[in-house]
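For reference, positions follow the sequence shown, starting with 1.
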Amino acid sequence: MSTTPPEFAVPDVVDSPVTSKPPSGRAVRWLLEHRVSPPGPEAAEDHAKPQAWWKVMCLTGVDYFSTLSYLPGIAALAAGALSPLATLLIVALTLLGMLPMYRRVARESPHGQGSVAMLEDLLPFWRGKLFVLVLLGFVATSWIITITLSSADASVHLLENPLMPGFLHGQAVLITVVLLLILGGVFLLGFSEAVGVAIPLVAVFLLLNAAVVVVAGADLFSDTAALSRWTDALTSGGGGFTGIVGPAVIAFPLLVLGMSGFETGVSMMPLVAAEGKTDEQRLESRIRNTRKLLTLAALIMSVYLIATSFITTVLIPAEKFREGGEANGRAMAYLAHQELGEVFGTVYDISSVLILWFAGASAMAGLINIVPRYLPSYGMAPEWGRAVRPVVLVYTVISVLITVAFGADVNAQAGAYATGILAMMVSGAVAVTISAVRHKQHAATAGFTVLSLVLLYALVENVIEKPDGIAISALFILGIIVVSLVSRVSRTTELRAERIEFDEPARRFVTDSLANDGALHIIANRRQGGDLAEYSAKEAEQRGMNPLPGTADVLFLEIDVVDPSEFSNVLKVRGVEVDGYRILRTDSPAAPNAIAAVLLALRDATGVLPQCHFEWSEGNPLGHLFRYLILGRGDTAPVVREILRTSEDNPARRPGIHVGG
């Protein structure tokens with residue numbers, strides 16, 4: 001609390017009258033130790049130690065780079081001999097579309113909210129909140145399914161290694177659950193530990209892939225017959241240029257999974273170390289470092305995608321890619337065994353298993369950093385939802401349940417994974433397109449519009465091809481909306497004020513009123529005309545119906561409800577004088593909560609229990625309740641009384657509430 005100058009009875013800032021109690025018990029304190037701060041230039045990132053940008057790239061890269069384990073096989077299965085051409089389309093889209101898009105997102109949403117934050121302001125009021133919840137539903141779909149699908153894929157690679165003991169075959173669900181529990185355990189230890197695991201996994205995996213590319217590439221160019229078979233396959237279908245490009249374009253939607261990881265990289269921006277003496281300098285440094293992260297990851301992945309797609313398509317017979325074939329879903333692992341022997345192949349399998357398992361770490365980190373920046377701030381999650389370890393436990397349990405429900409089947413989850421990823425990409429492309437329009441950047445607007453249409457095409461094709469994906473996403477969205485609304489209702493009687501700030505006139509009014517009779521009598525008023533007649537009539541009415549002494553000095557308290565879909569804010573109390581009547585005014589998402597907060601702040605600052613006077617509201621109580629939940633107003637007096645009761649255990653310390661009429 002700020003110091004109070006001698007001439008004022010109230011300081012300029014009063015901390016929230018209700019502070020959270022310190023957790024009791026060692027286990028609870030450990031669980032709540034690290035918390036994600038609300039977004040903002042001064043937000044503390046004390047839930048994790050910031051890391052160098054290239055280290056954070058490794059954590060985001062476990063998801064991005066791990067797609068090398070299966071994407072070349074998907075490309076070959078989808079496009080056949082045209083797989084390298086389809087992959088070139090993905091690389092072009094990555095470097096010319098996705099990279100510029102997310103570099104812009106990093107610039108315009110530098111506090112980790114990603115493209116969701118850029119779209120949040122498009123719709124006001126509750127529509128905007130519901131829109132964000134839908135987007136978060138797609139985010140949750142893509143990232144939670146990333147966790148479960150990657151661990152399931154790791155189990156597949158593990159079980160298909162020829163050296164695996166026979167008793168493990170048929171135990172994919174058990175193995176996947178164990179991998180998920182270990183992953184959750186890593187994040188319970190902390191973000192730094194997760195980064196420490198990611199760095200060697202990414203480094204070893206990329207080196208092993210480079211070795212396979214070099215050896216297989218050397219064999220390929222010395223084997224002219226393999227190249228001839230591939231070039232013959234390219235032209236065997238006829239149709240000229242259209243016959244070559246057409247199938248590649250059709251296969252394109254299946255390959256966009258090779259662009260996953262950008263949104264995760266942006267969501268972890270607050271954890272990227274930055275330099276500078278001021279907040280502005282550090283923010284600018286963080287933006288630059290995040291852009292380096294995104295650019296280097298895109299360049300590395302582009303080179304590897306082109307190389308791996310080419311060697312697997314040319315060297316592996318087409319029938320090996322089909323379901324049941326030795327290269328199905330693991331083309332690079334197949335080549336590692338073929339080109340460098342069983343020992344190297346087993347090492348490659350182990351590396352693939354580890355990076356696929358830990359690919360979920362990238363998604364887990366994204367969930368930890370982005371969801372708590374929205375739901376608790378909306379009142380749509382309990383306040384402990386900002387704490388890292390409890391949400392890790394929640395996500396781990398959800399992942400285990402999904403794994404059991406899908407039987408750890410990679411193909412069964414692929415539709416939901418692709419739907420979530422593509423929906424996030426579409427939202428990002430739309431966000432930067434709107435941004436470019438607002439800044440009147442015509443070339444950028446045209447480019448991002450094309451990107452939006454391309455990604456929308458991929459999303460629609462994926463939904464048509466795998467409609468179960470949108471159904472699963474809808475379940476996630478419905479779950480988030482229901483849980484959020486239940487939480488919002490259950491938290492309505494919280495004080496919901498981060499702090500209370502009084503301007504100088506407001507402080508003077510309170511000081512003068514205390515000097516008059518040593519008491520604080522406050523009349524709650526919903527302003528209509530705001531003129532002399534209104535305040536004169538209101539005072540006379542209250543003196544007639546409530547225990548307000550005839551000589552008592554009175555202050556009016558008025559709350560202007562602004563965007564009731566918000567949950568909490570800083571109350572800035574202004575002193576306003578109208579023809580001798582003194583009014584304390586403030587803006588708030590909800591009138592009763594603000595009145596209770598101001599009363600408690602005055603009590604704490606002055607040591608005097610305020611007496612607040614109301615009149616009963618006309619109308620149905622249920623109607624008042626719904627108006628309060630949706631519009632921030634209703635039958636104010638009883639709600640203020642209930643908020644005071646829940647905020648102050650001692651009845652003798654509660655401000656007085658008087659209702660007449």
Side-chain angles (χ1 to χ4, degrees), residues 30 33-34 36 45 47-70 112 143-158 175-210 260-261 263-265 267-273 289-290 293 296-297 300-301 304 333 346-370 388-389 391-397 399-400 403:
W30 178 79
E33 181 180 5
H34 302 301
V36 177
E45 300 303 334
H47 71 286
K49 179 183 177 182
Q51 302 284 335
W53 65 267
W54 63 270
K55 293 182 179 180
V56 180
M57 184 198 74
C58 289
L59 184 57
T60 63
V62 288
D63 175 26
Y64 195 23
F65 300 141
S66 68
T67 59
L68 293 172
S69 295
Y70 54 82
W143 284 347
I144 289 180
I145 297 296
T146 294
I147 295 171
T148 59
L149 183 143
S150 297
S151 293
D153 205 9
S155 300
V156 170
H157 278 71
L158 192 67
I175 294 172
T176 303
V177 168
V178 170
L179 292 177
L180 290 171
L181 294 176
I182 297 173
L183 178 66
V186 172
F187 273 90
L188 288 178
L189 293 176
F191 175 77
S192 298
E193 286 73 12
V195 171
V197 173
I199 292 172
L201 289 183
V202 167
V204 170
F205 184 70
L206 291 180
L207 285 173
L208 291 175
N209 275 280
S260 64
E263 189 82 29
T264 313
S267 74
M268 284 191 270
M269 279 188 72
L271 303 179
V272 176
N289 288 339
T290 302
L293 179 161
L296 183 59
I300 291 173
M301 190 62 176
Y304 272 95
T346 298
V347 172
Y348 186 93
D349 283 337
I350 293 172
S351 178
S352 295
V353 167
L354 290 174
I355 198 168
L356 282 167
W357 157 65
F358 211 63
S362 175
M364 182 75 82
L367 285 167
I368 289 170
N369 279 288
I370 194 170
V388 172
R389 288 179 175 130
V391 298
V392 168
L393 292 175
V394 170
Y395 296 144
T396 301
V397 169
S399 299
V400 169
T403 295

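- Taken from CG in Leu356 to OG in Ser69, the straight-line distance is 4.0 Å, to the nearest 0.5 Å.
- With Tyr395 contributing its side chain and Ile144 its backbone, the two residues share no donor-acceptor pair below 3.5 Å.
- The distance from the CG atom of Leu180 to the OG atom of Ser399 is 5.5 Å, given to the nearest 0.5 Å.
- Side chain of Asn289 to main chain of Ala273: a donor-acceptor pair is present (N/O by atom type, distance under 3.5 Å, no hydrogens or angles).
- Side-chain contact between Val391 and Leu367 is absent, with no heavy-atom pair separated by less than 4.5 Å.
- Note that OG of Ser151 is 11.5 Å distant from CD1 of Ile175, once rounded to the nearest 0.5 Å.
- Looking only at distances, no side-chain donor or acceptor of Thr67 sits under 3.5 Å from a matching main-chain atom of Asp63.
- Atom CG of Leu68 is separated from atom OG of Ser352 by 9.0 Å, given to the nearest 0.5 angstrom.
- For Tyr348, the side chain to side chain donor-acceptor pair (under 3.5 Å) criterion is met by Asn209, not counting sequence neighbours.
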Go through the steps for Leu296 and Trp54 under the test side-chain contact (heavy atoms from CB on, under 4.5 Å), then give the verdict. CA-CA 9 Å; Leu296 183 59; Trp54 63 270; 5.6 Å; no
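- The shortest side-chain heavy-atom distance between Val56 and Val195 does not fall under the 4.5 Å cut-off.
- Shown here for Ala297 and Phe65, the closest heavy-atom pair between the two residues is O-CE2, 3.8 Å.
- Test Val177, Leu149, Leu179 against Thr403 for side-chain contact (heavy atoms from CB on, under 4.5 Å) and you get one pass: Val177.
- Nearest heavy atoms, Met301 versus Tyr64: CE-O, 3.2 Å.
- The side chain to side chain donor-acceptor pair (under 3.5 Å) check on Thr148 picks up Gln413, with sequence neighbours excluded.
- Residue Trp357 comes nearest to Ala154 through the heavy atom pair N-CB, 3.7 Å, listed as atom of the first residue, atom of the second, then distance.
- Atoms CE and CZ, from Met364 and Phe358 in turn, are 9.5 Å apart once rounded to the nearest 0.5 Å.
- The stretch residues 177-188 participates, sequence neighbours left out, in no side-chain hydrogen bond (donor to acceptor under 3.5 Å, both in side chains) pair at all.
- The heavy-atom pair separating Leu201 from Leu354 by the smallest distance is CD2-CB, 3.6 Å.
- For the atom pair CG (Leu271) and CD (Gln51), the distance works out to 8.5 Å, reported to the nearest 0.5 Å.
- Closest approach of Leu59 to Ala198, counting heavy atoms only: CA-CB, 3.8 Å.
- Closest approach of Asp349 and Ala333 over heavy atoms only: OD1-CB, 3.4 Å.
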